[in-house]
2 protein chains.
Amino acid sequence: MNQYQMKKPYDHQMEDFSVDSFSSDSYTETPSFIDQSFQTHNYCLQEPSNIKQPVNKKQLLMLQTLSLYLLVQDHVLAERKRRAKLAQRFISLSSLLPELKKMDKATVLEDAANYIQELQNHVKELERKKMQESVEESSGVCDPEIEVRTSGSSLLVEIYSQKNCISLLKVLRETQELGLSIISCSTMPFAETTLLVTIVTQVYIDIVVYSSS
Amino acid sequence: MNQYQMKKPYDHQMEDFSVDSFSSDSYTETPSFIDQSFQTHNYCLQEPSNIKQPVNKKQLLMLQTLSLYLLVQDHVLAERKRRAKLAQRFISLSSLLPELKKMDKATVLEDAANYIQELQNHVKELERKKMQESVEESSGVCDPEIEVRTSGSSLLVEIYSQKNCISLLKVLRETQELGLSIISCSTMPFAETTLLVTIVTQVYIDIVVYSSS
DNA sequence: AGGTACACGTGATGC
DNA sequence: TGCATCACGTGTACC
């Protein structure tokens, strides 16, 4: 799964990038002059009278070399951290891809791109269907003209729906929830595309009927 | 957009990786011994009598060095090709990501992973809704019990639908397309979740009615 | 100026 | 055996 972390060409690729772990690499092992430099530094601290003595050319060169070395090591460390981050991201990304056989970096990138496009198309398709459905539905729900006539406690509701499918059961259930007892309900098709719904109800509790639209 | 191709640290990062374009890099420019080796080789070809002469140690060393050099150059070229491929894939991938500000490799990888997860969740959500809708719909379309009674040229159809929304208009339209003249159609809710549809029709042409329960 | 990111050439490793 | 891939240290550029 995580081949990115398994290769250890120089035998010093550690999780924490500890400098102490360097051993077999001639490029990165601590040069011999380091110890000498540190010893010189300690010596100066131990004998304050010598601090203001101008360091000789050899010592100066060593100090310069040391600071350069430390700078370079910093650079090496930073680069190593960056690579580790990239490797980790590669692993995370590849773990999201389906049917992943080769764990190539190139393959991971390519498959990720293909997979994203595939998902985008899928989403687009699904949302297209969803959209047209909701358009159909909302135009069916919002459009109908509703006419109400009363006579005593009786109520005549006429719904004139333009679209294919209004949720008749929902309408009837909501009617009942309003405290209206349904006496009869008839539906008739009209002009091939519209539906006339006629509901006769009886008010059996005291309510106020709000006309919306 | 394509920062991956813009950095030219050694001033020899070319699109076609032409070796001729190498100029300022001490690591990759053709060493001085190359010309000598080629001259030696040409000399041997021009004077066949000298071919079987054992080459001296210096010439042998040069030839060995040359072949090694060519091998190394092959390696360099292959690695360069690989890097170019990776960079290209990075560009392709990043071009698919929305709202991409930083074009970091690390950022591209992270954003790609996040985007994929986002899309996956989106698809999952959409398909969940789709699924439950189609389940509702199909159970509403397939479940209803239908009872038909005839009396002369009259037809009484009773549809007992379990679910929320059957496409009543569709049923009525198809009824008419079967050559049935609709006399009346009444719908009544029943037990809060079901709908009883009663259709009275008259057969006005000679047809054969198939029962597709 | 220091930090971040990159491409490079190189040696190593696995098929 | 080549060939492809990798991680590494390094030099460089941009902010």
Side-chain angles (χ1 to χ4, degrees), chain A residues 1-19 21-31 65 67-91 93-94 100-111, chain B residues 1-19 21-31 65 67-91 93-94 100-111:
Chain A
M1 172 59 90
N2 46 0
Q3 66 169 286
Y4 303 121
Q5 291 179 330
M6 291 172 60
K7 294 274 186 71
K8 302 196 178 185
Y10 292 113
D11 193 32
H12 63 243
Q13 186 181 5
M14 309 301 288
E15 303 78 12
D16 54 355
F17 305 116
S18 157
V19 179
S21 66
F22 292 6
S23 56
S24 63
D25 197 339
S26 61
Y27 286 160
T28 54
E29 72 182 357
T30 305
T65 313
S67 62
L68 178 64
Y69 169 77
L70 293 177
L71 206 87
V72 168
Q73 285 309 93
D74 238 27
H75 183 33
V76 168
L77 221 70
E79 178 63 14
R80 221 175 281 175
K81 207 171 81 178
R82 175 181 163 269
R83 273 199 303 268
K85 188 168 72 176
L86 282 176
Q88 186 52 51
R89 301 273 164 93
F90 263 105
I91 295 175
L93 180 57
S94 63
L100 195 57
K101 321 159 265 301
K102 288 180 64 183
M103 286 285 282
D104 256 324
K105 279 183 175 177
T107 309
V108 168
L109 290 174
E110 190 183 22
D111 285 11
Chain B
M1 171 58 90
N2 45 1
Q3 66 168 285
Y4 303 120
Q5 292 178 331
M6 290 172 60
K7 293 275 185 70
K8 302 196 178 185
Y10 293 112
D11 192 33
H12 63 241
Q13 185 181 6
M14 309 300 288
E15 303 78 13
D16 53 355
F17 305 114
S18 157
V19 178
S21 66
F22 291 7
S23 55
S24 63
D25 198 340
S26 61
Y27 286 160
T28 53
E29 72 181 356
T30 306
T65 313
S67 62
L68 177 63
Y69 169 78
L70 292 177
L71 207 87
V72 168
Q73 284 309 93
D74 237 28
H75 182 33
V76 167
L77 220 71
E79 178 64 13
R80 221 175 280 175
K81 209 172 80 178
R82 174 181 162 270
R83 274 198 303 267
K85 187 169 71 176
L86 282 176
Q88 186 52 50
R89 300 273 166 94
F90 263 105
I91 295 174
L93 180 57
S94 63
L100 195 57
K101 319 159 266 300
K102 288 181 64 185
M103 285 286 281
D104 259 322
K105 279 183 175 178
T107 308
V108 168
L109 290 175
E110 190 183 23
D111 285 11

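These numbers come from a predicted model, not from an experiment. Heavy atoms only: backbone and side chains are in, while hydrogens, waters and symmetry mates are out.
To the nearest 0.5 Å, atoms CZ (R83(A)) and CZ (F90(A)) are separated by 13.5 Å. Within the model, atoms CG of L70(A) and NE2 of H75(A) stand 14.5 Å from one another, a figure rounded to the nearest 0.5 Å.
Atom CG in L68(A) sits about 15 Å away from atom C1' in dG2(C), given to the nearest Å. Computed from coordinates, the K81(B) NZ to dC8(C) C1' distance equals 18 Å when rounded to whole Å. dG9(C) atom C1' lies 10 Å from atom CD of Q73(B), rounded to whole Å. Atom pair D74(A):CG and dT10(D):C1' shows a separation of 14 Å (rounding to whole Å applied). The separation between D104(B) atom CG and dC14(D) atom C1' is 13 Å, rounded to whole Å. Counting to the nearest Å, the C1' atom of dG11(D) and the CG atom of L71(A) are 13 Å from each other. Atom C1' of nucleotide dA7(C) and atom CZ of R89(B) are separated by 18 Å, given to the nearest angstrom. Atom CE of M103(A) is separated from atom P of dG14(C) by 17 Å (rounded to the nearest Å).
The shortest distance between the side-chain N/O atoms of R82(A) and the OP1/OP2 oxygens of dT4(C) is not below 4.0 Å. Within the 4.0 Å cut-off from OP1 or OP2 of dC8(C), not a single side-chain nitrogen or oxygen of R80(B) is found. In this model, the phosphate group of dG9(D) is approached by a side-chain N or O of R83(A) to a distance below 4.0 Å at OP1 or OP2.
Partners of R82(B) under the side chain to side chain donor-acceptor pair (under 3.5 Å) rule, at least two apart in sequence or in another chain, are E79(B). Residues passing the side-chain contact (heavy atoms from CB on, under 4.5 Å) test with A106(A), sequence neighbours excluded: K85(B), L86(B), R89(B). With sequence neighbours excluded, no residue forms a side chain to side chain donor-acceptor pair (under 3.5 Å) with S67(B).
Remark: the H75(B) side chain and the dG11(C) base include a donor-acceptor N/O pair separated by less than 3.5 Å. Remark: the E79(A) side chain and the dC6(C) base include a donor-acceptor N/O pair separated by less than 3.5 Å.
Using a 4.5 Å heavy-atom cutoff, the side chains of L109(B) and L109(A) are in contact.
Comparing the local axis fitted to the first five base pairs of the helix from dG2(C)-dC15(D) to dC15(C)-dG2(D) with the one fitted to its last five gives a bend of 10°, rounded to 10°.
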